[in-house]
Amino acid sequence: MRDLEFNIKGMVSAHAIIASSIFIATLMPHFFAEKYSVIGTHLVWLYSVSGSVAVVNITIFWLLGISPPPKKHTLSYKVSKVVRSCLHFIASCLFFHVVLVLYGATLLESALETFSLAVLLSSFTTLRCLCVLGPNVQAWIRVFSREGAMSIWDTSLQITTACTVIGTWVGAFPIPLDWDRPWQVWPISCSLGATFGFLTGLIIAPGWIYWHRKQLTYKCK
Amino acid sequence: MKISSSVFASFCLMIEISGIALFLRGFFPAPIKSSFSSKTKLSDLPAEPLTGNNPNSSTILVPLFHRVVIVLIDALREDFVFGAKGRQYMPYTQHLVEWGSSHSFVAKARAPTVTMPRIKALTTGSIPGFIDVVMNLNSPVLLEDNLLWQAKAIGKRIIFYGDDTWIRLFPKHFMEYDGTTSFFVSDYTEVDNNVTRHLDSTLKRDDWDILILHYLGLDHIGHLSGPHSSLIGPKLLEMDDILRKIHSSLTSQETEGSLPNLLVLCGDHGMSETGSHGGSSDPEINTPLVLISSAFKRKVGMDNPGTVEQVDVLPTLALGLGLPISQNNVGCLISPVFEHTSLRDQLRFMHLNSFQLICLLKDSTPNFQKEEGYEQFHFAEKSHGNWIKLYLEGNTSEVLSNLGRKVLRQYVDALKALSSALSKQLGKYDMYSMIVGMVLVLQVLMALLLAMPEALSRGAEVEIPLTSSLLSLPFYMLWLLCCSIHVLVCTSAGSSCYLCNLSWIPALAAITTFSAMLCVLLSMAGRKLASGAKTGTKNVNGSGFSELDVLLLIGTLGNVISLGSSSFIEEEHQTWYFMINTLCLVIFQDVCCKYFRERRNSSDDDSYLASKQDLPSLLSPISEQGIGSHKWLALSTPLLTLACCRLLRSLNQTGVQWMHLPDLSHWLNRWEHKAELSLLSAASLLLIFFFVQKCCSLVSKIALALGLLGVYSYRAAVGNVLFPWQLGSRDISKGTVEARFVYIFILGILFTGSKDLLRSQVITADSRLKSRGLWEVYSGIVLLCALLFRPHNLPVLACSLLIQTTMAQYIWKELQYDAAQTTIMHYWFGQAFFYFQGNSNNIATVDISAGFVGLESYLAIPAIFLTAFSTYSGPLLWACHLVCYLSSAQDSWNPASVGHGCYCFALLRSIPTVVYIILVTALRYHLFIWSVFSPKLLYEAMHTLVTTVVCIFFTAMDQNHIGQS
Ligand SMILES: [Zn+2]
Ligand SMILES: [Zn+2]
């Protein structure tokens, strides 16, 4: 139990760092780019956020050493793992892009915007999976099927991913309203929704785990 | 009394339908009309107001114009005359507008921008109620006081050429007429040639006073290819040429001393960016109004045309022709038109117009004295009298004309105030009927909700405490209370309520039903409370919900909540597309869980071999490979559905905001893509045959194949698609023969189906026969849909069959979704397909052409039935599929599934309807009540009616089952 509480504290700090990196990424471009605003130059904000979240995530999980222990320590194995991770990331971007198109995003007109949103979603969800679970599809399916979590990090992944997806989903609702606000332009409301969802996920994940710590019985590997 | 849930559900829906009907009766009030049944006569006209006594005051009304030609061009948008298009294609008119002796205005039409209400507005000056749209299909004779009646009464001779709506509205008013029908929307030359061919001879003659020309071609072009089509230009040039002809003929006939002639160019409504009309967007309501006469002052260059209401045309024309203004007119005359007359005449016209408005106001408002316009009118009338007195005394100074101008301004203010007060009257509702209807549907919803646990139990039976509550004391108390309330309301509200005008037998029956319902409801609630207290919190378990249940719940409630916002109503299709996408993804996740977890479990086992041996014994007949292919098919079904939905979504753009975006249907309907359209519709018909034939008997299969062939040849005959062996152009006919050929096969298939159903019920209790019969009925309905759908919509039908087949085979049965879940999914898909077809919550998207398939001429009942059928074919097809699916499930594993399905279906329809009715009542003074909320209300009511019919069908199927067991 003490071990769990220690882990939760670690998670809180990790999540706090990731969340603050989002805020910093929102503010930083002010100093470099002129006429920068979250809504006006939305894609700049989007890439800055996804880049910083990616970097911070990789660093944190590498430092904490949560990633699955490598089976071999050869360099070629590590390189192939990195390459496979990249491929997975690209595949997930394409997957999100296809889903967004299925939801009604225009096929050609705003393909760049749609793909940027897919990149953002991938860096909020897939990248964390890659960091925690490695490029191992079997493990992903295990984590995302019911009662498949094996550690608090798995649970945190479940919660943040669900929150991000739900946030994006909810973010799509204002689009049909005829208020003609600048934030109703595709994909602003959705990416904002995703970000807020992700932040919410980061906040509630440790709390939820702490609250349910009695019920959570993780199988040991 | 114990009844099965399906009977209970249909019963509830029937009461709900009557409640909705009552609500609609109160919500769409008859438009304001003066209570005098007679029409205004010239002798009734008031004299000029005068202080003091002077015999010189005039009571007669002299006409200002000799002859009037009204050129009404259907769907003439304001920018077709005043905008860039007008400059390019209507040079003569443009020149007249800018430099000629003319007055030009933008006349605002009111929603609904449909032809018949607009003609009524132009000829009676009243704003027709929304319900007139529904009547647009069969226009009855116009009995109200109107311009044409007045003109005929004083002996003016009227000639009419054009849309035959006029002839139906005014059957005996024309000296000479030739009506063209707006029946074939694809014809845009013949309709106008039919009008123009009379023009030359008529203009030469001098035995007429009023000539009305109504050109339909532009409207037809709009419906075919939109306002930016290349056909618009030549059509406008043609119209311009006609105007030139009429104008030169009118001016050449004017002789010294005779009165000048008047030429009026107007449109009944505009055209939206997609070419349709009916709504209240700016391009739809802004129409040009150009009055041309040598009496007017020559203009010196273009100034922006002023804005008037469309109803203002009536008083202007009436006074110009020396006719009394129609009683129900709410418009005020367009004063620039009378600028050239003497000040005395101008004042006189103003006085007549405002006097008529005052009469109407007195008639329609109990406390008219409080209206602002009333006082203003009396003030203006008094100063008018003073002015006349001065005038008759021979005073001709500057002071007099200044004073006169002041009186004129007072009149204009009074007119504006009166007109707006009268227009506001249109929003007057019959609250008593509305509230009674609302409470009735609320009671139904409550009853449905209270009966939920019982109705969804294994027995699927609901206990209705009808006899016990009818024999109880509270029922009689309630009954008396309701009676007294009724009497109280009716004595205080006067005769404006529909319910109060009923005779006492139906009124008593209504009150009895009302109080009985209330009593039953109360006793059901009481029993529920008692049992709830007994069992305590046994039923509360939150973990019973899967992701799917959560989604279904959120989706249903979310849709209901979204109805409160006008833009969500306009874009409701987005909600449904979004929902079924999410639904498919959740189903996909479920399928993944099912198949991959099984595999994980088996690989988690100690030995993979053991599990491999176990599997065949678990799922007995299916081989290992069979499971594999089955798994992949099941996994690909939701993805296939998603892909289909994405394709269909880009087929028909609908709604308001993104309506103008290009879509596949426009592309397909272009003339040069006829071959692609033919190929697509042929492929869709083949697919339809492939999916439907599998469960039918041989005879029905052959009939179906011939029927689908007939559908194709019908479309080829109408000119929508090509025959492969007949690439050259052929005569376009109505295709009546081909369509009737298909109707015969539809009736045949339906007959075979119902024969099988009856046999399975009466003679043998054969469930196979029954499901075959059901499927045959279903295939008959599919064939009718295929006939009525436009060719570019046939893929919608094919896709819906594809989704139904694959879903039923690999998802609903495999994942063991219960009847309630399956019903909700069917309902959602039905809704989505309603919009895939190109429908929206706007009246303009109803495809009326479906009502004319296979008919020689307009027949009201078949036309309405066919139109309603083709509009609601999406929900209907899915509901019928649900019956087929559930009754096959009933025979195999769940004996109560049809009852459950029927109950859920009724509940799913009742929740949005009831909530929407309450919302509409709360929002009845909303800005968009007429353009957005009312059409949606009509759609909801119609949908509930369709659902009721389906539920009765459900009940019949369920009775079969009960009869068997
Ligand atoms: Zn029209
Ligand atoms: Zn039209």
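Naming convention: chains lettered A, B, ... in sequence-line order (proteins, then strands); numbering from 1 in each chain.
For the atom pair CG (Leu100(A)) and CG (Asn581(B)), the distance works out to 10.5 Å, reported to the nearest 0.5 Å.
With a threshold of 4.5 angstrom between heavy atoms, Ala162(A) does not approach chain B through any atom at all. Heavy atoms closer than 4.5 Å to chain A are found nowhere in Ser562(B), neither backbone nor side chain. Contacts between Val99(A) and chain B at a heavy-atom distance below 4.5 Å involve the side chain alone, from C-beta outward. At a 4.5 Å heavy-atom cutoff, Leu647(B) makes no contact with chain A through either its backbone or its side chain. Tyr577(B) does not touch chain A: none of its heavy atoms, backbone or side chain, sits under 4.5 Å away.
Taking non-hydrogen atoms and a 4.5 Å limit, the residue list of residues 832-839 of chain B in contact with chain A is empty.
Using cut-offs of 30° and 60° on the angle between ring planes, the pair Trp153(A) and Phe61(A) is perpendicular. Relative orientation of the Trp667(B) and His673(B) rings is parallel, given thresholds of 30° and 60° on the angle between their planes.
Remark: Glu572(B) engages Lys936(B) in a salt bridge, criterion side-chain N to carboxylate O under 4.0 Å.
Atom OH of Tyr36(A) has more than 12 heavy atoms from other residues, nucleotides or ligands within 6.0 Å.
For the residue pair Trp186(A) / Thr106(A), no side-chain donor-acceptor distance below 3.5 Å is found, with atom types taken as modelled. Side chain to side chain, Thr582(B) and Tyr103(A) meet the donor-acceptor criterion of an N or O pair below 3.5 Å.
Comparing Glu570(B), Gln574(B), Glu571(B), Arg649(B) by heavy-atom pairs within less than 4.5 Å of chain A, the highest count is held by Arg649(B).
Residue pairs satisfying the salt bridge (charged side-chain N to carboxylate O under 4.0 Å, His left out) criterion with at least one member in residues 108-137 of chain A, sequence neighbours excluded, are absent.
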Step by step, would you call Phe96(A) with Val119(A) a side chain to side chain contact (heavy atoms under 4.5 Å, CB included)?
CA-CA 8 Å; Phe96(A) 276 118; Val119(A) 169; over 6 Å; no
